[in-house]
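Numbering of ligands and ligand atoms starts at 1, following listing order.
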Amino acid sequence: MIMTISEITEKLRQLEVRSSLLEPNQPERDKWSAPVFQYADDFLTSVHEKKTYVVPEDVETLSDFKIEEEGKSVGEVIGILQKEVDTPGINPASGGHLGYIPGGGIYTTALGDYLASVFNRYSGIFFANPGAVRMENMLIRWMNRLIGYPDSAFGNLTSGGSVANLIAIVSARDAMDIKANKVATSCVYLTGQIHHSILKALRIAGLAEIQVRLIPMNNLFQLDVKALRQQVDDDLAEGLSPFMVVASAGTTDTGSIDDLQNIGEFAIAHHLWFHVDAAYGGFFMLVKSEHDKFRGIELSDSVSIDPHKGLFLAYGSGAVLIKNKEQMLRSHVYRANYMQDAYFTEQEPSPADLSPELTKHFRGMRMWLSLQLHGLKPFRACLEEKLWLCRYFYHKVAALGFEVGPEPDLSVCIYRYTTNENDDNQLNAWLVEKIQEDGRVFISSTTIEGVFWLRLAVLSFRTHRKHVDILLEILQREVGNLISSRKEKSY
Ligand SMILES: *Cc1c(COP(=O)(O)O)cnc(C)c1O
């Protein structure tokens, strides 16, 4: 078994020939990049004509696409992608995507990711790449200023709002010293409209046994501050420890913004950690006319905000902002022996000290490049357009005879068709199906206190008035059909 040096040398020569296939030369790179870019370009050129929802026919097929010893041709691979991945289901790049919280995915995200991947710069630790870390930290400071945090605040670019909420809750847990023996007697205050990622984060953070207090809401789906006061008083009287209040700046269901000012003042007075989930709504602060709605957000201890929503970046960009940097470091700093040569500086924090990640995607690049190339102007205009599209829809759909929820704070609203018979929930679920069958636009629904609502969520940068008009046209058509066929109960 023992090999001589010359045998080892020969072995290495052979292996190098084969492993060098991972380093294509210029013509070989062109052979792949030209068709890949062509495929992406054809998609972008025709995206306006494409359906927003294609009912998947055979989701099993892709699982036949085995990983084998020999590579396949780029044409074959693109063909499979087109058929199996890029056609069935929701098309999130479509302006007709009006469900969940869309964003679209602006092209500069792809360019940023391309450069980030080719150079593969390490943005986890300042020592490894001061420029990359400074870029990410600059983006954090920019968002901190946007929400009114001091420059001493910090944060982290995450993969999305869920991880942002998790980092905030873990930091809150440690800052408030909620050790195992205190979990069951500590209380978290939130409403039934909180995003479920908050509850998931509590569980992941080891706080599953914490007392979750669901605070009632007013008729605008905002947290009732009076009820919050009462609940905190009751808990104190019972010897429990109020720990944290979570507010929303743009709920997912209805786009409602809580009374951040009053909640913030109350939280400060009672030494509660105050977290604001602004994953969906936060970037509407770029629209000057909307600023007042967010008044008080700067009183919070932590905020989540999603660039893959309000800045229209492709999926994979969230952010957490934390007012007191030390509280973030406390939960996330760790040193390893094998990293003893890397130095850590006080003046420029490293992302690895502020999140669970060590090696990470250089996700700052996509956001930085987008903001640098476009400037802020088109982002502000696009966000403002979404607000007006929602208001436009709200009035139009009410005029069609639909019941509407509260007047939209942002770019989400709820509506439903009512007949005063007891199967209205079923009727509205049937409307969702009809819209999906049509496929030109996509909507989603929600249930609030047992009532089934249709949702309009306008946040794709590609959504313009024509998409909202298509939805209105389908709703009008289907309700018309419904009225004429109602006696047969066809739905
Ligand atoms: C989307 C959303 C989240 C979750 O963010 P992801 O980026 O999907 O992980 C959390 N909170 C709110 C209010 C959201 O709209």
Side-chain angles (χ1 to χ4, degrees), residues 90 92 97-106 109 143 147 155-170 172 188 190-205 217 220-223 244-258 260 263 274-285 290 293-294 297 300 302-322 355-357 360-361 363 366-367 383 386-387 390 408-414 443-446 448 453 455-460:
I90 302 171
H97 187 7
L98 307 169
Y100 308 112
I101 304 278
I106 50 176
T109 320
M143 289 183 281
I147 65 160
N156 184 249
L157 299 181
T158 65
S159 56
S162 300
V163 173
N165 282 333
L166 177 63
I167 292 176
I169 280 169
V170 166
V188 175
L190 39 81
T191 73
Q193 283 292 297
I194 202 74
H195 192 273
H196 70 274
S197 59
I198 295 285
L199 300 167
K200 185 168 162 180
L202 286 170
R203 195 169 68 195
I204 299 171
M217 292 171 280
L220 302 176
F221 299 109
Q222 294 167 316
L223 183 143
M244 173 165 73
V245 55
V246 186
S248 305
T251 59
T252 311
D253 269 358
T254 67
S256 304
I257 305 176
D258 285 323
L260 305 176
I263 299 170
F274 178 27
H275 177 66
V276 177
D277 185 351
Y280 153 61
F283 282 109
F284 282 103
M285 289 191 79
E290 304 308 298
K293 294 179 184 162
F294 294 86
I297 194 170
S300 63
S302 54
V303 168
S304 297
I305 183 168
D306 265 1
H308 66 202
K309 289 177 180 167
L311 284 184
F312 321 113
L313 301 189
Y315 295 142
S317 280
V320 58
L321 307 172
I322 298 204
S355 93
E357 294 179 302
K360 64 191 272 296
H361 176 45
R363 55 177 74 93
R366 46 180 19 222
M367 181 173 171
L383 286 161
K386 307 312 150 202
L387 295 169
C390 188
D409 264 341
L410 297 172
S411 67
V412 176
C413 72
I414 51 171
I443 66 157
S444 56
S445 64
T446 190
I448 304 177
W453 291 92
R455 277 174 77 250
L456 172 83
V458 195
L459 199 61
S460 168

Quick one: nearest non-hydrogen protein atom to atom 6 (P) of ligand 1, plus distance? Gly161 N, 3.3 Å

Report the C-alpha distance between Arg455 and Ser444 in whole Å, list the side-chain angles of each, state the deciding distance to 0.1 Å, and finish with yes or no for side chain to side chain donor-acceptor pair (under 3.5 Å). CA-CA 6 Å; Arg455 277 174 77 250; Ser444 56; 3.1 Å; yes

Within the distance-only criterion (no hydrogens, no angle test), does the side chain of Ser300 pair as donor or acceptor with the backbone N or O of Val276 below 3.5 angstrom? no

Just so I know, are the side chains of Ile167 and Pro356 near enough to count as touching, which here means a heavy-atom distance under 4.5 Å? yes

min-distance protein heavy atom vs atom 1 (C) of ligand 1 -> Lys309 NZ, 1.3 Å

Quick one: pull up CG in Leu459 and NZ in Lys309 and give me the separation to the nearest 0.5 Å. 9.0 Å

Working for side chain to side chain contact (heavy atoms under 4.5 Å, CB included), residues Val412 and Cys390: CA-CA 7 Å; Val412 176; Cys390 188; 5.6 Å; no

Who's the nearest protein heavy-atom neighbour of atom 4 (C) of ligand 1, and how far? His195 CE1, 3.5 Å

With a 4.0 Å cut-off on heavy atoms, is Ala278 touching ligand 1? no

Distance, nearest 0.5 Å, that separates OG of Ser317 from CE of Met367: 7.5 Å

Atoms in ligand 1 flagged as close to Ala279, the criterion being non-hydrogen separation under 4.0 Å: 2 (C), 3 (C), 10 (C), 11 (N), 12 (C), 14 (C)

Under 4.0 Å from a heavy atom of Gly250: give me the atoms of ligand 1 that qualify, with their elements. 13 (C)

Contact atoms of ligand 1, heavy-atom distance to Asp306 under 4.0 Å: 5 (O), 6 (P), 7 (O)

If we ignore hydrogens and angles and just use 3.5 Å, is the side chain of Lys293 paired with the main-chain N or O of Ile257 as donor and acceptor? no

Close approach, Ser248 and ligand 1, non-hydrogen under 4.0 angstrom: no

Under 4.0 Å from a heavy atom of Thr252: give me the atoms of ligand 1 that qualify, with their elements. 12 (C), 13 (C), 14 (C), 15 (O)

One finds that the ligand 1 atoms under 4.0 Å from a non-hydrogen atom of Asp277 are 10 (C), 11 (N), 12 (C), 13 (C)

Go through the steps to decide whether Ser411 and Tyr280 satisfy the test side chain to side chain donor-acceptor pair (under 3.5 Å), and finish with yes or no. CA-CA 10 Å; Ser411 67; Tyr280 153 61; 2.7 Å; yes

Of all the heavy-atom pairs spanning Ile169 and Met244, show the shortest one and how long it is. CG1-CE, 3.7 Å

Interfacing atoms of ligand 1 (cut-off 4.0 Å, heavy-atom, Tyr280): 15 (O)

Have a look at Ser159, Ser162, Gly160 and point out the one with the heavy atom closest to atom 9 (O) of ligand 1. Ser162

Give the numbers and elements of all ligand 1 atoms closer than 4.0 Å to a heavy atom of Ser197. 10 (C)

